[in-house]
Protein chains: 2
Amino acid sequence: MVSSTQQLSAHKIRTTEIRIAVLNLFLENKQALSKQDIEQFLPNQDRITLYRTLKTFEDKGLIHRVINSSNILKYALCSDSCSHDYHNDQHIHFECTNCRQTTCIENVPLPKLTLPKEYLVQNLELTVSGLCKDCK
Amino acid sequence: MVSSTQQLSAHKIRTTEIRIAVLNLFLENKQALSKQDIEQFLPNQDRITLYRTLKTFEDKGLIHRVINSSNILKYALCSDSCSHDYHNDQHIHFECTNCRQTTCIENVPLPKLTLPKEYLVQNLELTVSGLCKDCK
DNA sequence: TTGTATATTGCAACGATGTTGCAAAAACAA
DNA sequence: TTGTTTTTGCAACATCGTTGCAATATACAA
Ligand SMILES: [Mn+2]
Ligand SMILES: [Mn+2]
Ligand SMILES: [Zn+2]
Ligand SMILES: [Zn+2]
């Protein structure tokens, strides 16, 4: 059990009120959060500071972007292996078409893929949509 | 060989100057185009009219959205099977990390995927990034 | 071809959002 | 505690998505 304060220090991020609050949100929710989501949870925070908080978290390897079909940018917690100079977030994302909750699926391997040889494949981004446990 | 004018009529879209120009762009380019891309090709067009043109094309089944990792919305031509009440655009998208060109890959089937049974899978969105023929 | 119903355009306007600069405040390390 | 460095909160600006509306263009029937 690692506290958000310890986690910030480990990533060389100064512990401030908003950073602890935002990181706690991610730790408690276990799903991807949009800037809007966060603003609803933390209504009295300055939007520019929140913008910079998310940027810092992304730069330092605490969170990664989650692209979804509605083109709303969300963020989710990174695994421990991400750091300020290396992100390692190759996994499937699942988006519920009903409740719109978006989660990282860590325990299903990405499929192998063979493209025509004119393409050099470097990375896969796979978002699955459907119904989550609560909505189906 | 179907002209852009015929294609618009077939989708019950009135043929206007900007619609013909935009559709021709897609027909000539064979890759996904962002609103910015289109504005560069058609510099004298009103941005609101372009916005509505793309919305109409999407609604009527002429183009579909292409999500990419940089979160820039692009559009690409639909196959003939798309119409105003049904989009059928399940295919892989490829984005070159060097030139940023994004293309639809129609002739490679989407991989099969098995998720834990708490999820009901409805749709896959797969974007592959790497180097295109010209850039590798 | 012409007239009319209907759809589209161009512009103003507004809100939401991303981004930067800067001075005041806070965090950190000695 | 003190000095240095980072962060915050606010103003400011650009960009973008979106809607309303009056003028204009399109389609089609007469
Ligand atoms: Mn993830
Ligand atoms: Mn496509
Ligand atoms: Zn759900
Ligand atoms: Zn390329």
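To find a chain, count down the sequence lines: A is the first, B the second, and so on, and within it residues start at 1.
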B/Asn71 atom CG, over 12 foreign heavy atoms within 6.0 Å: yes

With the criterion being N/O to N/O and under 3.5 Å, what pairs connect the protein with nucleotides 26-30 of chain C, and how long is each?
unit_1 : atom_1 : unit_2  : atom_2 : d
C/dA27 : N3     : A/Arg14 : NH1    : 3.1
C/dC28 : OP1    : A/Thr15 : N      : 3.1
C/dC28 : OP1    : A/Thr15 : OG1    : 3.4

Would you kindly give the CG-to-P distance between B/Leu8 and C/dA7, to the nearest whole Å? 16 Å

Distance-minimising heavy-atom pair for A/Arg19 and A/Arg14: NH1-O, 3.1 Å

Rounded to whole angstroms, how far apart are CG on B/Asp46 and P on D/dT24? 15 Å

Can you tell me the distance, in whole Å, between the CG atom of A/Leu42 and the C1' atom of D/dT8? 15 Å

CD1 of A/Ile72 versus C1' of D/dC16: gap in Å, rounded? 15 Å

Of B/Arg47 and A/Ile48, whose nearest nucleotide on DNA chain D comes first from the 5' end? A/Ile48

Please check if A/Val121 and A/Leu126 belong to a single hydrophobic cluster, counting links between Ile, Leu, Val, Met, Phe, Trp and Tyr side chain heavy atoms closer than 4.5 Å. yes

Side-chain N or O of A/Lys35 closer than 4.0 Å to phosphate OP1/OP2 of C/dG18: yes

Quick one: is A/Gln36 getting a side-chain N or O under 4.0 Å of the C/dA16 phosphate, OP1 or OP2? no

Without decimals, in angstroms, what is the distance between A/Arg19 CZ and C/dA25 C1'? 14 Å

Any salt bridge linking B/Arg47 with B/Glu39? Criterion: basic side-chain nitrogen under 4.0 Å from a carboxylate oxygen. no

Of B/Glu39 and B/Lys55, whose nearest nucleotide on DNA chain D comes first from the 5' end? B/Glu39

Any side-chain N or O of A/Tyr51 less than 4.0 Å from the OP1 or OP2 oxygen of C/dT19? yes

A quick test of your reading: do over 12 heavy atoms of other residues, nucleotides or ligands sit less than 6.0 Å from NZ of B/Lys55? no

Answer yes or no: side-chain N or O of A/Arg52 and base N or O of D/dG9 forming a donor-acceptor pair under 3.5 Å. yes

Is a side-chain donor or acceptor of A/Asp37 paired with a backbone partner of A/Ser34 at a separation under 3.5 angstrom? yes

How close or far is atom C1' of C/dG18 from atom CD1 of A/Ile38, stated in whole angstroms? 15 Å

For B/Thr127 and B/Ile67, indicate whether the former's side chain and the latter's backbone hold a donor-acceptor pair under 3.5 Å. yes

Calculate the interatomic distance between B/Gln45 atom CD and C/dT8 atom P; express it in whole Å. 15 Å

Non-hydrogen side-chain atoms of B/Tyr119 and A/Leu131 separated by less than 4.5 Å: no

Would you give the length of the straight line joining atom CD of B/Glu95 to atom CD of B/Gln31, rounded to the nearest 0.5 angstrom? 11.5 Å

Report the end-to-end axis angle of the helix from C/dT1-D/dA30 to C/dA30-D/dT1; each axis comes from five terminal pairs, and the value is rounded to 10°. 30°

Rounded to whole Å, NZ of B/Lys60 lies from P of C/dA7 at a distance of 9 Å

